[in-house]
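The next block holds one structure in the form of structure tokens; read it before the comments.
In what follows, every heavy atom counts, from backbone to side chain, and hydrogens, waters and symmetry copies are set aside. Here the structure is a predicted model, which is why all the values come from computation and not from measurement.
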Amino acid sequence: MTVPPAIDAARVAEASPDDGGGMPREAPLAMPVQDLSHWDMGLGHRPARPGRDPWPARILVFGGALALTAFGGWQMVETVSVSGNPTALQLVLVVLFCLTFSWIALAFTSAVLGFGMLLRRPRPMSAPTALTTRTAVLMPVYNEATARTFAGVEAMREAVEATGLGDHFDWYVLSDSTQPDAWIAEERAFLELRGRLGPDARLYYRHRAKNHHRKAGNIGDFVTRWGGHYEHMLVLDADSLMSGSAIVALASAMEADPDAGIIQTLPLIINRNTLFARLQQFAARIYGPVIAAGLSAWSGRDGNYWGHNAIIRTRAFAESCGLPDLPGKPPFGGHILSHDFVEAALIRRSGWAVYMLHRLPGSYEESPPSLIDVAVRDRRWAQGNLQHARVIGAAGLHPATRQHFATGIAGYLASPLWLMQLVVGILLVLQTATERPDYFGGAGFSPVFPRFDPVRALQLFGLTMAVLLAPKVLGLILALLDGPVRRACGGAGRLILSSLVEILLSALVAPVAMVIQSGSVIGILLGRDTGWNPQRRDDGSIPLRDIVRRHRWHTVLGLVAGIAAFAIATSLFLWMSPTILGLVLAIPISWASGQLTLGLALKHRMLLATPEEASPPEIALRAAALATRNAARGYDDTDSLVAIHADPALAHAHSRMLPKGQRRPRGAIDADQTLAAAKICEAETVAEAQLWLSQKERMALLHDRALVDRLVRLETSQA
């Protein structure tokens, strides 16, 4: 049995916060639940400075997308009407085409706007030399790798302290972990770090017994209990990193703009090494700024919030962002899953500005390592965005806010619409190949040939590909024009080759992603709830048997579609070949996506390279070094019961950090707590406790001071 190093009890006591536990004294803020059916405009914030809506940018983006969609739709009508009036099935194809084309047309016009914005020289940003407000930096965690999470917190705290303005920031790790080993690992890392930093660390830790309303509830619990201490809160994710200068700049921007409610940054993806993660990292770095700049330009001060790497005005959030439960059961009822969009909508409704500093450097995040990991996360995002159909009509929302909701919903409906478009196309070709034409049917005497205009069809295909790929091309052009970025990516040749590799691999992944996302959307529409599983963040491949189980039906679908298309018409097979190929190769593509060796091979040849790889940010290097040190301390490798039993100082500190117990109502029996009590009283050694207690019973034991005391008094081994 591995015994972890003991906590220094004297240092822990010296650095203890005011309440003797892991948190300071409470400073509550009221956070009333918002009414989505009624809004009184007189209750909102009155801006100190009148803002101007970016109407020229909005006309360009939405007017341009509408005009482009109208032109594409007209071309499609002409394509299917070459023989006369289109059939009902052809009209269905036209409608589906317009719906899917409008989605990529909007991305195109937004990217064109962003391209123009990024061609301008940015205004130089001077580093703040003073602050007058206090900011809480919040790191919500949920069954994460403790070594890395606390390494990030420590690295960011050091970076902020180095600016000379560290006294204006307090640091909070807010745990919703439901796994006992993760919980105790967090406490060990917190106590060690706080003891080492001393009494002025302003570092706090809180674990919630029930992760009610998940991340939104986690942040809401902080606001309603401790939010009164702080003018602002900077919300992170467990994989977030921000430089000290970026954190200070956000606080300074909030102070300079009394009407700002939320200021979002553009996080760049870093530290990724698997093939799929490097694809995402490259795309986010080269193409992402173009999309973000366009979004920022047309959104103006009616922007959106992505849930992390953003600073929020605490009182405005408390007054405006109490989320109601939606009527009915999940997936469309219950608590709001994608809370960030809704919080941005509600704080904007109250008159506060929401916008993005897309040029602010020093904001980073990580991404899932494989296609399957992305699919797991995407399933949750799909449910959250589709749930916004219940919120988009809320009273008092700004029109731009409704557009953000509509864009999110459309983004997930695009995949099933694309799939339906393919199916209708196959049916039309099948109809043409099998039905005998009625050349002189109907009232007229002109022949009716059931065919398409091949020239227009080819032109329409070219237009679609141009609109689809234009944002990538525009991002590539900007990268080529930027000397430091171009050189960091290996030069112009390697940068262009990397873009071609990204486009090719993305084209192979797209059909699989389409089918997965379509299945997710259909499942949600049928009433299946996704739940909330912790995200896998580390590099590492998924077992092949799991990949085969997940993608076998995709492969079967590809084979059936290929055989059927070839039997119907060779031209149909050629037209569908990219989709067929992606589906048939679903298993090897998914396997390759999570392979570290393939990603590192491309990295060695400077393909899919980014500037942050050539010159890693200091904050990333420091966090990596601290994570290595923390991993050596075994935070994530030690059994929670063993850790508590072996270290009385840890057990004592753990008991002090537990919330005050509530009297149990008579007759309300907690089965897990009751079984934990019976088993720990029966056990004679910690080994028996390990063997007998389930995960839920361990959590119940760790929430009970008396049972923790009983655990500590067990024998290490049988005499």
Worksheet entry | Validation row: Arg348, Ser320 side chains within 4.5 angstrom (heavy atoms) | no
Worksheet item: Do Asn211 and Asn218 come within less than 4.5 Å of each other through their side chains, counting heavy atoms only?
Response: no
Worksheet item: Just wondering, do Ile286 and Lys472 contact through their side chains at under 4.5 Å, heavy atoms?
Response: no
Worksheet item: Taking C-beta and beyond as the side chain, do Ile104 and Phe108 meet within less than 4.5 Å on heavy atoms?
Response: no
Worksheet item: Looking at side-chain heavy atoms only, is the closest gap between Arg349 and Gln34 below 4.5 Å?
Response: yes
Discussion item. Any carboxylate oxygen within less than 4.0 angstrom of a Lys/Arg side-chain nitrogen, looking at Glu161 and Arg202?
Written reply: yes
Worksheet, complete the sentence: In this structure, CZ of Arg134 is separated from CZ of Phe169 (nearest 0.5 Å) by 11.0 Å
Practice prompt. Measure the shortest side-chain to side-chain distance between Asn630 and Arg148 over non-hydrogen atoms and say whether it is less than 4.5 angstrom.
Written response: no
Worksheet item: When you check the gap from the basic side-chain N to the acidic O, do Lys215 and Asp176 get nearer than 4.0 Å?
Response: no
Response to the item:
Distance col, row Leu326:CG vs Arg390:CZ, nearest 0.5 angstrom, shows 5.5 Å
Worksheet entry | Parallel, tilted or perpendicular: rings of Phe282 and Tyr287 (30°, 60°) | perpendicular
Practice prompt. Examine Trp381 together with His388 and report whether their ring centres are nearer than 6.0 Å.
Written response: no
Fill in: pair Val153-Val137: side-chain heavy atoms closer than 4.5 Å
no
Response to the item:
Residue pairs passing the ring pair (Phe, Tyr, Trp, His ring centres under 6.0 Å) test with at least one member in residues 24-57, sequence neighbours excluded, are His45-Trp352
